[in-house]
**Student:** 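The structure that follows is given in the form of structure tokens.
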Amino acid sequence: MEFNLDKFFDDYLEKPQIFRNRNCLSANFIPDELPHRTDQIRIIAQIMACTLKNSIPSNLFIYGKTGTGKTAVVKHVSQKLNEKCIEIGIPNPNWLYINCNQVTSGYRVLATICNYLDPENPLPPTGTPRDIMIERLITLLESKNCLCFIILDEIDSLKDKESKDSVLYILTRINENLINSKVNIIGISNILNFKDDLDPRVLSSLCEEEMVFPAYNAIELYDILRSRAALAFQPNMCEEGSLRLCAAIAAKENGDARRALSLLRKCAEIVERMGKTMLSRTDVLTAQYELEKDTTEEFIKNLPVQQKIILLSIYLNQKHKKTPESNSGEIYTTYKELSKKVYSLNALTAKRVADLVKELDLSGVISSRLVSFGRKGGRTRMVSLKVRDSQLKSSLGDDDRCKAVLEYVPSHIRRTDINVDLEGHRYKALL
DNA sequence: TATCCACAGGAAATCAGGGTGT
DNA sequence: ACACCCTGATTTCCTGTGGATA
């Protein structure tokens with residue numbers, strides 16, 4: 001039977017509604033209430049409050065793992081502060097939010113600030129000498145005649161040490177060149193020991209105030225989910241225990257509220273698709289499975305070609321050696337063969353491949369451990385796959401070139417097979 | 001106990017590719 | 001056309017290392 005789009009939409013409208021406001025479960029939604037963050041809100045408010053009396057607050061540095069509410073709290077306080085400024089009739093400060101995960105170099109951070117202050121004349125994406133840009137930045141800030149808060153989120157993602165040091169040094173010292181305007185830095189880092197590799201000169205001025213956001217526990221996550229569910233869903237849509245299960249799963253995985261919320265959203269989407277009216281514990285488990293599957297498959301599919309070849313090498317080694325682990329040397333040998341013979345690409349160096357293997361490890365597709373076999377085998381990294389064979393095959397199979405070599409036997413493994421065979425043969429002959 | 005394997009992993013250099021200004 | 005600037009990926013060079021073995 002043919003698919004009837006009209007009927008599909010009619011049915012869709014007939015179906016019981018789950019969502020009242022789907023948006024409330026998205027990662028960048030900032031709710032009015034932030035459960036279990038009252039202390040953090042109070043402390044930040046205390047630091048910022050002097051803005052209301054025209055003084056400049058201290059620079060602030062915030063640490064905490066992903067999904068602990070750092071960004072939400074800062075944005076929440078800044079909104080309220082702006083409202084208050086308008087209420088009492090003083091010029092409200094400029095808030096400039098930069099996510100260093102997207103703006104990854106020191107140059108780009110400075111350029112983004114300039115472009116924010118003067119969107120009419122954007123700076124070129126590259127090419128401007130640093131001193132000219134700093135001069136421009138100072139002139140622009142001075143002409144604005146205001147207090148400017150610069151929030152550097154995920155500051156640990158700035159590319160290299162030089163970027164971190166230079167951009168932070170410039171920004172923390174820029175006030176010395178300003179008369180009418182002032183700049184205030186709020187740094188947000190996912191890594192707790194981010195400070196460790198900063199230049200001491202930057203450190204003293206940047207970290208005037210510091211605070212740490214602890215991870216949420218299961219009970220706190222439950223409260224967060226409950227308050228968001230109340231906003232996002234129609235009343236009485238969640239079976240008792242389903243939210244608790246969501247919270248428990250997310251608590252186990254680092255207490256990440258973002259993760260808990262996306263789990264809940266996925267769950268609701270599944271229930272909606274099935275035309276049900278209740279979120280059950282089973283749906284949560286299905287959602288968790290699908291979420292995990294979706295993200296790894298999507299991740300593998302979007303891998304650059306060199307990383308795909310490396311992953312493929314690990315898979316082929318594991319498959320044909322019939323051992324779950326292979327070492328760096330074996331992986332590199334297979335990799336070289338695949339990239340030359342099969343892909344006709346220039347092979348990367350062993351160092352680069354080792355770095356890419358570590359990246360794959362960080363992303364969770366493979367797991368690896370350092371081992372030493374002493375004088376016989378030296379020190380090496382043992383690598384094994386963390387995704388199921390079938391999943392890997394279906395994700396890599398999307399790429400035609402990968403698909404073609406899924407059954408390929410690397411020649412160094414083939415050779416040892418022959419050797420074993422010959423040995424066995426000779427042994428038989430001797431008998 | 002010194003040696004040595006097979007790398008690990010950091011730092012600096014290099015290169016290609018994008019840009020500007022003259 | 002040319003000098004110069006910035007980025008990001010990669011290479012080159014180097015020192016470091018855990019532990020079985022001579």
Side-chain angles (χ1 to χ4, degrees), chain A residues 98-115 118 120-137 139-140 152 154-171 191 193-194 196-199 302-311 313-314 317 321 323 325-340 343-363 366-384 410 412-413 416:
Chain A
I98 298 175
N99 189 331
C100 303
N101 207 358
Q102 286 144 20
V103 186
T104 51
S105 73
Y107 175 92
R108 289 257 161 78
V109 169
L110 295 179
T112 308
I113 301 172
C114 284
N115 292 347
D118 185 10
E120 304 286 305
N121 307 301
L123 281 170
T126 65
T128 313
R130 187 156 295 199
D131 53 336
I132 290 176
M133 188 151 61
I134 295 170
E135 232 168 75
R136 172 111 192 267
L137 186 59
T139 323
L140 284 171
L152 297 171
E154 304 195 41
I155 196 166
D156 44 281
S157 339
L158 277 183
K159 257 279 164 180
D160 46 289
K161 182 170 159 45
E162 205 272 324
S163 275
K164 290 173 190 167
D165 281 341
S166 70
V167 73
L168 289 173
Y169 187 77
I170 291 164
L171 287 177
I191 296 170
N193 54 3
F194 171 73
D196 290 359
D197 54 47
L198 276 186
D199 193 301
N302 291 326
L303 239 33
V305 81
Q306 295 286 7
Q307 299 226 48
K308 278 187 185 166
I309 304 176
I310 293 171
L311 202 55
S313 309
I314 298 168
N317 276 6
K321 278 191 347 159
T323 51
E325 286 184 312
S326 37
N327 64 38
S328 316
E330 292 166 340
I331 294 171
Y332 187 61
T333 314
T334 311
Y335 160 81
K336 263 201 301 196
E337 189 180 339
L338 284 183
S339 54
K340 280 230 175 75
Y343 285 79
S344 7
L345 283 171
N346 287 332
L348 298 172
T349 55
K351 163 74 179 162
R352 183 67 190 137
V353 170
D355 285 344
L356 292 176
V357 166
K358 256 195 293 177
E359 271 179 34
L360 287 173
D361 189 2
L362 275 175
S363 66
I366 59 171
S367 71
S368 73
R369 60 195 177 96
L370 272 178
V371 280
S372 179
F373 295 104
R375 201 166 172 165
K376 227 177 179 177
R379 199 158 164 263
T380 186
R381 187 179 286 278
M382 299 302 283
V383 179
S384 60
H412 66 105
I413 296 175
T416 47

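We use all heavy atoms of the structure for the numbers below, so side chains are in, but hydrogens, waters and symmetry mates are not. Lettering follows sequence order; numbering is per chain, from 1.
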**Student:** Determine whether a donor-acceptor pair (one donor, one acceptor, N or O, separation below 3.5 Å) exists between the side chain of A:R352 and the base of C:dT11.
**Tutor:**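 For A:R352, whose side chain was compared with the base of C:dT11, there is no donor-acceptor pair (under 3.5 Å).
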**Student:** When you match A:D355 and A:R108 each to their closest nucleotide on DNA chain C, which lands nearer the 5' end?
**Tutor:**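 Mapping each residue to its closest nucleotide by heavy atoms, the 5'-most match is A:R108.
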**Student:** Does the A:E330 side chain pair with the main chain of A:N327, one donor and one acceptor, at a distance under 3.5 Å?
**Tutor:**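 It does hold such a pair.
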**Student:** Respond yes when some side-chain nitrogen or oxygen of A:S328 is under 4.0 Å from OP1 or OP2 of B:dA6, and no when none is.
**Tutor:**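 No, because none of the side-chain N or O atoms of A:S328 sits under 4.0 Å from OP1 or OP2 of B:dA6.
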**Student:** Could you give the OH-to-P distance, from A:Y332 to B:dA8, as a whole number of Å?
**Tutor:**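 Rounded to whole Å, this separation is 12 Å.
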**Student:** Measure from CG on A:L370 to C1' on C:dG18 and round the result to the nearest Å.
**Tutor:**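 Atom-to-atom, A:L370 to C:dG18, this comes out as 10 Å.
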**Student:** Rounding to a whole Å, what distance do you find between A:Y335:OH and C:dT10:P?
**Tutor:**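 The distance from OH of A:Y335 to P of C:dT10 comes to 8 Å, rounded to the nearest Å.
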**Student:** Expressed in angstrom and rounded to an integer, what is the separation of A:K376 atom NZ from B:dA6 atom P?
**Tutor:**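 Between P of B:dA6 and NZ of A:K376: 11 Å.
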**Student:** Remember a base hit wins even if backbone is also touched, and classify A:K358 as base, sugar-phosphate or nothing at under 4.0 Å, heavy atoms.
**Tutor:**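 Contact class for A:K358: sugar-phosphate only.
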**Student:** Under the criterion side-chain contact (heavy atoms from CB on, under 4.5 Å), I'd like the reasoning laid out for A:L171 against A:L110: C-alpha separation, chi angles, the key distance, then a yes or no.
**Tutor:** CA-CA 9 Å; A:L171 287 177; A:L110 295 179; 4.2 Å; yes
**Student:** Tell me the interatomic distance from A:Q307, atom CD, to C:dA9, atom P, rounded to whole angstroms.
**Tutor:**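 In whole Å, C:dA9 P and A:Q307 CD are 11 Å from each other.
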**Student:** Under 4.0 Å from OP1 or OP2 of B:dA6: is there any side-chain N or O of A:N327 that close?
**Tutor:**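 No, because none of the side-chain N or O atoms of A:N327 sits under 4.0 Å from OP1 or OP2 of B:dA6.
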**Student:** Do A:L303 and A:L360 have side-chain heavy atoms sitting under 4.5 Å apart?
**Tutor:**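 Touching, per the 4.5 Å side-chain cut-off.
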**Student:** Assign each of A:F373 and A:A354 to its nearest nucleotide of DNA chain B by heavy atoms, then name whichever residue's nucleotide is nearer the 5' end.
**Tutor:**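 In this pair, the answer is A:F373.
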**Student:** What's the CZ-C1' distance between A:R381 and B:dC7, to the nearest Å?
**Tutor:**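 My rounded result for the distance is 10 Å.
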**Student:** Closest-nucleotide mapping onto DNA chain B: is A:G329 or A:R375 further toward the 5' terminus? I mean the 5' end.
**Tutor:**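 Looking at the nearest nucleotide for each, A:R375 comes out on the 5' side.
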**Student:** Run the numbers on A:L348 and A:L356 for side-chain contact (heavy atoms from CB on, under 4.5 Å), then give the verdict.
**Tutor:** CA-CA 10 Å; A:L348 298 172; A:L356 292 176; 3.8 Å; yes
**Student:** How about A:N302 and A:Q307: do any of their side-chain heavy atoms sit closer than 4.5 Å?
**Tutor:**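 Answer no - side chains too far apart.
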**Student:** Should A:T349 be listed as having a side-chain N or O under 4.0 Å from OP1 or OP2 of C:dT11?
**Tutor:**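 Yes, A:T349 has a side-chain N/O under 4.0 Å of OP1/OP2 on C:dT11.
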**Student:** Specify the separation, in whole Å, of atom NZ of A:K351 and atom C1' of C:dT10.
**Tutor:**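 It works out to 11 Å between those atoms.
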**Student:** Can you check the A:I331 CD1 to B:dC7 P distance for me, whole Å?
**Tutor:**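 Taking CD1 of A:I331 and P of B:dC7, I get 10 Å after rounding.
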